Amino acid sequence: MDMPSPVRVRLAPSPTGPIHAGTLHTGLFNWLYARSLGGTFVLRLEDTDQERSRPEWEEVIYQEMRWLGLDWDEGPDIGGNYGPYRQMERLDTYRDSARRLLEAGHAYYCYCTPEELEAERQEAQKKGVVYQYSRKCRNLTAEDRRRREDEGRKPVIRFRVPDGEKVVFDDLIRGLIETPTDSIGDFIIVRSNGIPIYNFAVVIDDVTMKITHVIRGEGHISNTPQQLLIYQALGLEPPRLGHIGHILGKDRAKLSKRNGDAYVGDYRERGYLPEALLNFMALLGWTPEDGQEFLTKEEMIRQFKLDRVTRAPSVFDPDKLDWMNGNYIRNLSLDELARRSLPFLQKQGLMTDALQPADWDRMVKIMATVQERIRTLAEVPGMTEFFFRDELTIDPDAAKLLTEQSRAWLGQVRDRLAVVEVFDAVQTEAACRAFVEENGLKAKAVFQPIRVAVTGRTVSPPLFESMALLGREKTLRRLDSVR
RNA sequence: GGCGCCAUGGUCUAGAGGCCUAGGACACCACCCUUUCAAGGUGGUAACACGGGUUCGAAUCCCGUUGGCGCUACCA
């Protein structure tokens with residue numbers, strides 16, 4: 001038996017909305033890292049933004065994570081030895097650490113109001129100077145403080161940033177990164193309402209949860225010096241830090257609703273398979289040693305190495321996701337494809353919950369006609385609609401093919417189909433081809449009108465398979481109805 | 001503006017000084033297959049941002065420039 005790995009990583013989303021593609025990306029990398037090393041994957045909720053955090057988003061986060069198959073070992077819902085796992089339930093812990101910083105002189109109370117701070121900023125702006133907090137409250141006497149308290153002011157707690165130093169850390173995937181402390185102002189660690197600010201809470205959480213490796217988006221690189229300063233002031237050993245590249249939209253800006261789709265739930269609703277989405281996401285900023293493009297989760301885990309993670313941000317290419325999803329769909333068994341398509345058909349009212357075994361059999365056969373033509377499950381209803389509806393609405397453009405001439409042909413084809421012995425793809429095709437040949441026509445000239453009459457469209461699954469599945473009665477009725 | 005990160009075709013990337021006439025994949029184009037659309041097959045267009053170094057030799061190392069992005073909040 002191997003010793004359990006001491007590696008502990010975490011994903012710390014904010015329950016302020018549906019889970020974002022970027023969150024999925026860092027979550028996946030953390031998960032892969034933990035799973036590849038037999039470590040622990042912790043889920044923590046950063047809900048200190050009381051304005052935007054909503055409890056209902058929590059459940060959405062769990063659902064999406066489960067849909068993707070990213071399981072966690074500790075979290076708000078399942079507990080663990082280092083809880084609680086919601087920041088708002090950890091206020092006491094932050095308070096203790098804040099007190100220690102205050103007592104050691106690494107932090108101080110600041111009574112400046114948001115308005116006063118805004119005025120400072122305006123002033124700096126006007127002078128064209130770089131703004132940094134004025135440090136006005138850095139050396140307040142007990143008397144000063146009491147006077148402000150009497151005015152009813154509620155203080156924030158600020159970190160006292162040392163002058164003329166350098167904060168250095170060795171990024172797991174970028175190497176040495178150093179920042180002069182002079183470029184950092186005295187930042188707030190606890191709000192006037194007593195709730196900590198992200199940069200402070202994250203340090204306390206990572207330490208108390210014994211997180212060993214922090215893998216997060218590159219946006220956090222510039223937060224790191226502040227966090228390191230806090231570790232230092234508290235005399236704590238920081239975890240190893242690694243920053244992965246962001247995922248960008250087509251316009252090279254951060255992925256959002258404007259430039260592509262942002263939420264995991266959107267992908268599910270648009271018919272992407274979780275395994276395809278995961279595979280695609282894994283290849284954004286990482287390549288396995290052997291360069292393989294299609295990987296199961298197990299293969300990703302086996303091959304995942306932090307030193308093969310790239311530094312540059314990457315643009316999310318929806319076309320490639322579509323291609324990959326199409327590949328995954330083609331590799332599904334027909335039964336599985338039917339099972340996964342069902343919700344999409346139900347949503348369009350094409351199928352009901354109450355499925356008879358016979359319906360299922362037919363459903364599976366229908367799947368066979370579309371499997372290699374779709375890239376997402378959301379395309380299933382549109383492509384198979386004609387199988388399910390009694391009344392067929394013919395696409396206006398397609399209807400143009402129903403000329404007087406082609407209608408005449410359809411009538412004759414209809415009569416031939418009426419007497420076919422077995423109404424299967426082979427015999428219906430033979431009957432139609434016989435008609436074409438005997439009359440010296442082009443197959444396409446006759447088949448397309450038939451397709452329009454039977455499916456309502458110029459583009460459809462294979463014609464004769466479709467007719468066979470539709471059955472003689474319905475097929476003939478459709479041919480009749482366009483005459 | 002300050003600080004920081006990044007930089008190979010349109011996109012994801014391989015490449016860790018000579019194996020590079022820069023490889024693969026998506027997309028795109030052409031052809032083949034074909035009753036439509038796909039799928040599949042074959043072929044093709046297309047990149048080391050720029051400028052200096054270092055070196056016998058640089059996509060790979062160093063510096064600068066340019067560009068993109070991030071932080072600079074009582075958001076995370």
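Please read all numbers here as calculations on a predicted model, not as lab measurements. So you know, we letter chains A, B, ... as the sequences are listed, proteins then strands, and number each from 1.
- A:Pro13 comes within 4.0 angstrom of nothing in the nucleic acid, heavy atoms only.
- In A:Arg54, the CZ atom is not crowded: 12 or fewer heavy atoms of neighbouring residues, nucleotides or ligands sit closer than 6.0 Å.
- Within 4.0 Å (heavy atoms only), A:Asp319 reaches sugar-phosphate atoms of the nucleic acid but no base atom.
- We find that CG of A:Asp251 is positioned 12 Å from P of B:U11, with the value rounded to whole Å.
- Atom NE2 in A:His246 sits about 17 Å away from atom P in B:G68, given to the nearest Å.
- Residue-environment remark: CD (A:Gln125) stays at or below the threshold of 12 foreign heavy atoms within 6.0 Å.
- One finds no salt bridge joining A:Arg191 and A:Glu51 here, because no Lys/Arg side-chain nitrogen approaches an Asp/Glu carboxylate oxygen to under 4.0 Å.
- At most 12 non-hydrogen atoms from other residues, nucleotides or ligands lie less than 6.0 angstrom from NZ of A:Lys305.
- A:Asp317 places its CG atom 6 Å from the C1' atom of B:C26, with the value rounded to the nearest Å.
- On a pure distance criterion of 3.5 Å, a polar donor-acceptor pair joins the side chain of A:Arg373 and the base of B:C37.
- Spacing between atom CD of A:Gln122 and atom P of B:A73 amounts to 13 Å, rounded to whole angstrom units.
- Residue A:Leu463 is in base contact, counting any heavy-atom pair closer than 4.0 Å across all strands shown.
- Using a 4.0 Å heavy-atom criterion, one finds that A:Thr179 contacts the sugar-phosphate atoms exclusively.
- Residue A:Val315 is classed as a sugar-phosphate contact, given heavy-atom separations below 4.0 Å to backbone atoms only.
- Using a 4.0 Å heavy-atom distance criterion, A:Gln371 is classed as making no nucleic acid contact.
- A:Ser134 and A:Glu120 share a side-chain donor-acceptor pair at under 3.5 Å.
- Between A:Leu284 and A:Phe29, the closest heavy-atom pair is O-CZ, 3.5 Å.
- A:Gly219 comes within 4.0 angstrom of the backbone, heavy atoms only, and of no base.
- When the P atom of B:C69 is taken as reference, atom CD1 of A:Ile177 falls 19 Å away, rounded to whole Å.
- Residue A:Arg375 places at least one side-chain N or O closer than 4.0 Å to OP1 or OP2 of B:A39.
- The CD1 atom of A:Ile184 sits 17 Å away from the P atom of B:G2 (whole-angstrom rounding).
- When only modelled atom types and interatomic distance are considered, A:Glu149 and A:Tyr111 share a side-chain donor-acceptor pair under 3.5 Å.
- Heavy atoms of A:Arg457 sit nowhere under 4.0 angstrom from any nucleic acid atom.
- Near RNA chain B, defined here as any heavy-atom distance below 4.0 Å, the residues from residues 446-456 of chain A are A:Phe447, A:Gln448, A:Arg451, listed numerically.
- With sequence neighbours left out, A:His220 forms a ring pair (Phe, Tyr, Trp, His ring centres under 6.0 Å) with A:Tyr198.
- Residue-level contact check: A:Gly326 touches neither bases nor backbone, having no heavy atom under 4.0 Å from any strand.
- When distances are taken from the side chain of A:Glu218 to each of B:U13, B:C5, B:A27, the shortest belongs to B:C5.
- For A:Phe316 and A:Phe280, the distance between ring centers is under 6.0 angstrom.
- Residue-level contact check: A:Pro313 touches the backbone only, with heavy atoms under 4.0 Å from sugar-phosphate atoms and none from bases.
- Using a 4.0 Å heavy-atom distance criterion, A:Arg308 is classed as a sugar-phosphate-only contact.
- Between the CD atom of A:Gln125 and the C1' atom of B:U72 there is a distance of 12 Å, rounded to whole Å.
- Of the candidates B:C12, B:A25, B:C71, B:C71 carries the atom nearest the A:Ser222 side chain, counting heavy atoms from C-beta on.
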* **Test log, rule salt bridge (charged side-chain N to carboxylate O under 4.0 Å, His left out), inputs A:Arg121 and A:Glu118** => CA-CA 5 Å; A:Arg121 263 188 287 269; A:Glu118 185 50 33; 3.2 Å; yes

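- Taking only side-chain atoms of A:Thr48, from C-beta outward, the nucleotide of B:A76, B:U36, B:G68 with the closest atom is B:A76.
- Heavy-atom distances under 4.0 Å link RNA chain B to A:Ile188, A:Arg191, A:Ser192, A:Ile197, A:Tyr198 of residues 187-202 of chain A, given in residue order.
- Here the nucleotide nearest the side chain of A:Arg174, chosen from B:U11, B:C26, B:C6, is B:C6.
- The interatomic distance linking A:Glu465 (CD) with B:C37 (P) rounds to 16 Å, in whole Å.
- With hydrogens and angles left out, the side-chain atoms of A:Gln87 and A:Asp47 include no donor and acceptor closer than 3.5 Å.
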